[in-house]
Amino acid sequence: MTYIDSEFHRTKARELMKDAELVFDADAVQKAVDKVAQELNQRFDADDSEAFPLVLGVMGGAVVFCGQLLTRLTFALEFDYMHVTRYGSKDQGGTIEWKVIPRSNVEGRTVIVLDDILDEGETLAHVKERLLQMGAKEVVIAVFADKDIGKAKPCCADYIGLTLPNKFVVGYGMDAYGYWRNLPAIWAVKTGG
Ligand code: IMP
Ligand code: MG
């Protein structure tokens, strides 16, 4: 979510960390990134038919995961990004807005989509469909975290770093009111709207 910076949001952002609850510390976060890297390396180092994939980060939440994961990947890859946000009614999936579409050629390619978190799965379901429409041969999804929301999702991730409880979290790319993406650990916060 993109917030317009205001004193109201700054105050909210500062206050909600006062009773934030640590969900995963920085060590656990790094181990989760190692795990995803290892799994991707195993697959993409081995299989020539999937060689030279295009890796696409979903900005802005994926920024930290992308940056740290990329340095651990050992196969030849091209990197690009897209900027997609979802807003509106959660019940009806909301409206997906493409702020930046990838300019790289996706046609006939294996595309690895990286994102911070799979929550209700609407965003990544839409992204996957659009990339397939654009001619991608295959879309592989890797997320830093999968939120356990207790119901089926329209899209599943192929690779998952951590499973999170159904709470609103900040850190490792995830924000509240536009803040705290920079934290190296994962904290649950009460946003209160
Ligand atoms: P989905 O369509 O519900 O899967 O939305 C996923 C997007 O919502 C993620 O890429 C995040 O940008 C954002 N999001 C979902 N849950 C959280 C959270 O707990 N904290 C911060 N951002 C979140
Ligand atoms: Mg996002």
Side-chain angles (χ1 to χ4, degrees), residues 1-5 9 12-17 19-26 28-29 32-33 36 55-69 79-102 111-131 139-193:
M1 184 73 74
T2 306
Y3 289 90
I4 295 167
D5 176 54
H9 289 137
K12 284 267 198 189
R14 207 179 287 121
E15 277 181 356
L16 58 77
M17 286 313 289
D19 56 357
E21 172 203 336
L22 184 67
V23 184
F24 283 104
D25 66 17
V29 165
V33 182
V36 175
V55 176
L56 289 177
V58 185
M59 294 298 135
V63 64
V64 184
F65 181 48
C66 276
Q68 295 204 324
L69 182 75
F79 177 76
D80 199 359
Y81 63 91
M82 59 190 123
H83 192 175
V84 185
T85 55
R86 181 159 81 92
Y87 55 89
S89 159
K90 275 212 152 192
D91 295 343
Q92 278 140 45
T95 306
I96 310 275
E97 186 190 352
W98 284 73
K99 295 191 165 175
V100 178
I101 58 165
V111 179
I112 305 174
V113 175
L114 301 181
D115 206 356
D116 52 355
I117 184 167
L118 186 74
D119 182 10
E120 302 202 312
E122 296 289 345
T123 309
L124 286 175
H126 185 92
V127 164
K128 185 171 182 173
E129 195 185 299
R130 174 96 182 244
L131 291 168
V139 178
V140 174
I141 295 179
V143 291
F144 167 68
D146 183 30
K147 204 184 271 189
D148 184 6
I149 59 170
K151 58 179 178 185
K153 305 184 184 198
C155 176
C156 293
D158 302 286
Y159 300 93
I160 295 167
L162 293 171
T163 300
L164 294 178
N166 196 6
K167 294 176 175 179
F168 195 84
V169 295
V170 295
Y172 212 68
M174 293 173 278
D175 74 295
Y177 308 109
Y179 289 92
W180 303 121
R181 290 189 198 274
N182 49 306
L183 300 175
I186 304 299
W187 299 82
V189 295
K190 293 182 188 73
T191 55

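Throughout, residue positions are numbered sequentially from 1 according to the sequence presented. Atoms within a ligand are numbered from 1 in the order they appear, just like the ligands themselves.
Within ligand 1, the atoms closer than 4.0 Å to a non-hydrogen atom of K167 are 19 (O), numbered from 1 in the order shown. Contact atoms of ligand 1 toward M174: 21 (C) (distance under 4.0 Å to a heavy atom of the residue). Residue D175 has at least one heavy-atom neighbour below 4.0 Å for each of these atoms of ligand 1: 21 (C). For ligand 1, the atoms sitting less than 4.0 Å from at least one non-hydrogen atom of D115 are 10 (O), numbered in the order shown with element in parentheses.
Counting heavy atoms under 4.0 Å from ligand 1, residue V170 does not touch it at all. The proximity of R86 to ligand 1, defined as any non-hydrogen pair under 4.0 Å, is limited to the side chain. The proximity of L124 to ligand 1, defined as any non-hydrogen pair under 4.0 Å, does not occur for either the backbone or the side chain.
Side-chain contact between M82 and V127: present, with at least one pair of heavy atoms (C-beta onward) separated by less than 4.5 Å. Under the 4.5 Å side-chain criterion, counting only non-hydrogen atoms from C-beta, K12 is not in contact with Y179. Residues F144 and L162 are in side-chain contact: their nearest non-hydrogen atoms beyond the backbone lie under 4.5 Å apart.
Of the possible donor and acceptor atoms, one in the side chain of K153 sits under 3.5 Å from a partner among the backbone N and O of L118.
Separation of atoms SG (C156) and CG (D146) is listed at 7.5 Å; rounding is to 0.5 Å.
Assignment of K153 to the shell around ligand 1 is not supported, since no heavy atom sits closer than 4.0 Å. For the pair K147 and ligand 1, a heavy-atom separation below 4.0 Å is found.
Of all heavy-atom pairs between V36 and F65, the closest is CG1-CZ, 4.1 Å.
Looking at ligand 1, you'll find an N or O of V169 within less than 3.5 Å of one of its N or O atoms. At least one N or O atom of G121 sits closer than 3.5 Å to an N or O atom of ligand 1.
Taking each of L118, T123, V127, T85 in turn, the one with a heavy atom nearest to atom 5 (O) of ligand 1 proves to be T123.
Within a 6.0 Å radius of OH in Y81, no more than 12 heavy atoms belonging to other residues, nucleotides or ligands are found.
In this pair, H9 and Y177 present their aromatic rings parallel. The plane angle is below 30°, not in the 30 to 60° band.
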